[in-house]
Number of protein chains: 2
Amino acid sequence: MEGLPLRGDVFDPDCPTRVVLDRIGDKWTVLVVSVLSTGTLRFTELRARVGGVAPKVLTQTLRALERDGILIRTIYAQVPPRVEYQLTDLGRSLAQPIAAIQDWAEGHVGSVLAARNSYDSSVA
Amino acid sequence: MEGLPLRGDVFDPDCPTRVVLDRIGDKWTVLVVSVLSTGTLRFTELRARVGGVAPKVLTQTLRALERDGILIRTIYAQVPPRVEYQLTDLGRSLAQPIAAIQDWAEGHVGSVLAARNSYDSSVA
DNA sequence: TGACCCAGGTACCTATAGGTAACAATGGAA
DNA sequence: TTCCATTGTTACCTATAGGTACCTGGGTCA
């Protein structure tokens, strides 16, 4: 019943593919997956590398990604608690397109901001 | 002052790269860019291909993308009005990573849904 | 006897993305 | 003279993602 090689169609509003797109649309998912693609990290490290996340929101994001099979959460019965997050194979496969997006964003910020300035001044 | 080959850093909360990620996080951007990557389209055609968009929201999305230099809006002084949307070079360069994301989404829906079922039933 | 560390949890608030429904403007067709 | 096509706009409402601030629990270190 699982692992159907079923192919979705993002243009169908009723296709669950939309759900996947929504997850990627999540404000922090891209950043978290990107950071984790470099290796296993603990909560606090994650928080430090992804600038600006509130702990509550980071927890939410991590739980959602765990639920979707993108990452694994490992709890070590220690004191103080130690929890590690690492990507699954599925997560690693997602890391590639995400890296492409991130790369585009970093490489084209200048053009986008320039277009924005130009547009705003012509409308003003 | 424009077109700086400045490279952003998505992990810096104050970096405008975040703005670009936010735009991609927009619910309809990915779909609109994807559809337009196949060629120029009119408003109604666009609306038909991207299932489930309300006209107001489509207008908002298109304006935002125009502002960011991703697409061009051409108005023909006809009656009834005719407006065409096409990607710019910048938009076409974005279409590639977006296609990768979309491809991933369509190809891995099955795995994600399976993980979700498994997670939900183990928590229940 | 505190104070600290880690990984969150809880309660609460709000901005805004997104949605619904109805209307506008124009000229040609029926 | 009423209707229709086309591309939106306007007013209005709401769900929820996201944020702030503070709490918890239990070893350890001083």
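All values below come from the heavy atoms of this structure, side chains included, with hydrogens, waters and symmetry mates left out. Every value quoted in this text rests on a predicted model; they were computed, and no experiment measured them. Below, chains carry the letters A, B, ... as their sequence lines are ordered, and counting in each starts from 1.
A donor-acceptor contact shorter than 3.5 Å links the side chain of A:Thr29 to the backbone of A:Arg23. Checking side-chain atoms of A:Thr88 against main-chain N and O of A:Gly69 turns up a donor-acceptor pair under 3.5 Å. Formation of a donor-acceptor pair under 3.5 Å by the B:Glu45 side chain with backbone atoms of B:Arg42 is found in this model. Without hydrogens or angle criteria, A:Ser118 side chain to A:Ala114 main chain gives no donor-acceptor distance under 3.5 Å.
Nearer the 5' end of DNA chain D, as judged by each residue's closest nucleotide, is the contact made by B:Arg47, out of B:Arg47 and A:Gly25.
No hydrogens or angles were tested; on distance alone, a donor-acceptor pair under 3.5 Å links the side chain of B:Lys56 to the base of C:dG19.
For DNA chain D, the span of nucleotides reached by chain A at under 4.0 Å from its heavy atoms goes, 5' to 3', from D:dG18 to D:dG27.
A salt bridge does not link B:Asp22 to A:Lys27: none of the charged side-chain nitrogens sits closer than 4.0 Å to a carboxylate oxygen.
Here A:Asp103 pairs with B:Arg7 under the salt bridge (Lys or Arg N to Asp or Glu O under 4.0 Å) rule; sequence neighbours left out. With sequence neighbours excluded, the residues forming a salt bridge (Lys or Arg N to Asp or Glu O under 4.0 Å) with A:Arg116 are B:Asp68, listed by chain and number.
Within residues 26-41 of chain B, the residues approached by DNA chain C to less than 4.0 Å at the level of any non-hydrogen atom are B:Asp26, B:Lys27, B:Trp28, in residue-number order.
Rounded to whole angstrom, the span from the CD atom of B:Gln60 across to the P atom of C:dT20 amounts to 13 Å.
Side chains of A:Glu84 and A:Thr40: a donor-acceptor N/O pair is absent below 3.5 angstrom, by distance only.
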Is there any protein nitrogen or oxygen under 3.5 Å from a nitrogen or oxygen in nucleotides 4-7 of chain C, and what are the pairs?
unit_1: C:dC6; atom_1: O3'; unit_2: A:Arg42; atom_2: NH2; d: 3.2
unit_1: C:dC6; atom_1: O3'; unit_2: A:Pro81; atom_2: O; d: 3.2
unit_1: C:dA7; atom_1: OP1; unit_2: A:Arg42; atom_2: NE; d: 2.9
unit_1: C:dA7; atom_1: OP1; unit_2: A:Arg42; atom_2: NH2; d: 2.9
unit_1: C:dA7; atom_1: OP2; unit_2: A:Thr44; atom_2: N; d: 3.2
unit_1: C:dA7; atom_1: OP2; unit_2: A:Thr44; atom_2: OG1; d: 2.3

Close N or O pairs between protein and nucleotides 28-30 of chain C (under 3.5 Å):
none

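Atom OH in B:Tyr76 sits 6.5 Å away from atom CZ in B:Arg82 (nearest 0.5 Å).
Across B:Val50, B:Leu31, B:Leu87, B:Leu65, a single residue satisfies side-chain contact (heavy atoms from CB on, under 4.5 Å) together with B:Leu36, and that is B:Leu87. The only member of A:Val83, A:Val35, A:Val32 that meets side-chain contact (heavy atoms from CB on, under 4.5 Å) when paired with A:Leu41 is A:Val35.
The local environment of CZ in B:Arg92 is crowded, with over 12 non-hydrogen atoms from other residues, nucleotides or ligands closer than 6.0 Å.
Residues A:Ala95 and A:Val33 share a closest heavy-atom pair of CA-CG1, 4.0 Å.
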